[in-house]
Amino acid sequence: MKHYLLSVIDGSPDTHIDSGTEDTDIDRFNSRLQATKQLLYANGLASPDRSTVIDNRGGRGVQVPGPLVSGAEYVAGFWIVAAPDHDAALALAAEGSKACNRKVELRPFHDG
């Protein structure tokens, strides 16, 4: 099995269309992933205005409040999943996008 990050994208008006059933749909999706042992971890993230960028290269110890990149869209949550191949991961990302009613970015880990 290979590991993938499914990032939930939120922020712009085009990103999120409220279905009114997202919590139930996400719970159902998570339960299915747990039952098939494909869910490694999932969580939501605080808004970008609560982030801090730290740069300690060369011992500089610089801390800057706010996101690394500012823009209309941001990562609002994520799933880390296991899938046998890229096509299976794409299918999971499509299911996750439908469940949370947002765009989802699929990215593989460097784990072979």
Side-chain angles (χ1 to χ4, degrees):
M1 292 287 245
K2 297 180 182 213
H3 299 121
Y4 297 86
L5 174 67
L6 282 61
S7 299
V8 177
I9 311 301
D10 204 348
S12 79
D14 296 344
T15 313
H16 177 225
I17 303 161
D18 188 7
S19 71
T21 62
E22 285 134 11
D23 290 342
T24 302
D25 294 341
I26 292 167
D27 287 345
R28 191 174 300 126
F29 178 62
N30 288 344
S31 293
R32 190 184 75 67
L33 289 175
Q34 288 171 332
T36 59
K37 300 197 185 314
Q38 290 180 281
L39 181 63
L40 303 177
Y41 186 75
N43 214 324
L45 296 170
S47 67
D49 63 348
R50 295 192 43 208
S51 65
T52 303
V53 176
I54 295 97
D55 185 355
N56 201 27
R57 294 175 292 178
R60 290 185 284 186
V62 177
Q63 296 183 17
V64 180
L68 174 63
V69 178
S70 61
E73 295 182 323
Y74 57 90
V75 177
F78 62 92
W79 288 280
I80 299 175
V81 299
D85 56 42
H86 189 73
D87 288 339
L90 283 171
L92 291 177
E95 269 188 80
S97 174
K98 184 175 182 180
C100 70
N101 237 358
R102 289 167 177 82
K103 293 192 285 186
V104 169
E105 177 190 51
L106 172 68
R107 189 179 299 185
F109 282 88
H110 286 298
D111 60 4

Side chain to side chain, C100 and E22, heavy atoms closer than 4.5 Å: no
Carboxylate-amine/guanidinium contact K98 D25, below 4.0 Å: no
Go through it in stages, so that I can follow the logic: the residues are F78 and N43, the test is side chain to side chain contact (heavy atoms under 4.5 Å, CB included), and I'd like the CA-CA distance, side-chain angles, deciding distance and then a yes or no. CA-CA 6 Å; F78 62 92; N43 214 324; 4.1 Å; yes
Tell me whether D85 at atom CG has more than 12 heavy atoms from other residues, nucleotides or ligands lying less than 6.0 Å away. yes
Looking at R107, I'd like to know if its CZ atom is crowded, meaning that more than 12 non-hydrogen atoms belonging to other residues, nucleotides or ligands lie closer than 6.0 Å. no
Report yes or no: do [X] and [Y] belong to one cluster of Ile/Leu/Val/Met/Phe/Trp/Tyr joined by side chain heavy-atom distances under 4.5 Å?
X: L106; Y: V75; answer: no
X: L90; Y: I80; answer: no
X: L5; Y: V8; answer: no
X: V69; Y: L45; answer: no

Run the side chain to side chain contact (heavy atoms under 4.5 Å, CB included) check on I9 and R102 step by step: do they pass? CA-CA 6 Å; I9 311 301; R102 289 167 177 82; 5.8 Å; no
Give me the ring orientation class for Y4 and H86: parallel if the planes are under 30° apart, tilted from 30 to 60°, perpendicular past 60°. tilted
Using modelled atom types only, decide if a donor and an acceptor are shared between the side chain of D10 and the backbone of A76 within a distance under 3.5 Å. no
Counting distance only, does the side-chain N/O of T36 pair as donor-acceptor with the main-chain N or O of R32 below 3.5 Å? yes
Determine the minimum heavy-atom distance between [X] and [Y], stating which atoms define it.
X: P84; Y: M1; value: N-SD, 3.4 Å
X: A89; Y: A83; value: N-CB, 3.8 Å
X: P48; Y: P67; value: O-CD, 3.6 Å

Given the rule in the side chain to side chain contact (heavy atoms under 4.5 Å, CB included) test, do L6 and E105 qualify, once you have shown the distances and angles that lead to the verdict? CA-CA 6 Å; L6 282 61; E105 177 190 51; over 6 Å; no
Compute the ring centroids of W79 and F29, then answer whether they are less than 6.0 Å apart. yes
Criterion salt bridge (charged side-chain N to carboxylate O under 4.0 Å, His left out) on D55 and R60, from CA distance to verdict: CA-CA 7 Å; D55 185 355; R60 290 185 284 186; 3.0 Å; yes
L33/L92 under side chain to side chain contact (heavy atoms under 4.5 Å, CB included): CA gap, chis, key distance, verdict: CA-CA 9 Å; L33 289 175; L92 291 177; 3.6 Å; yes
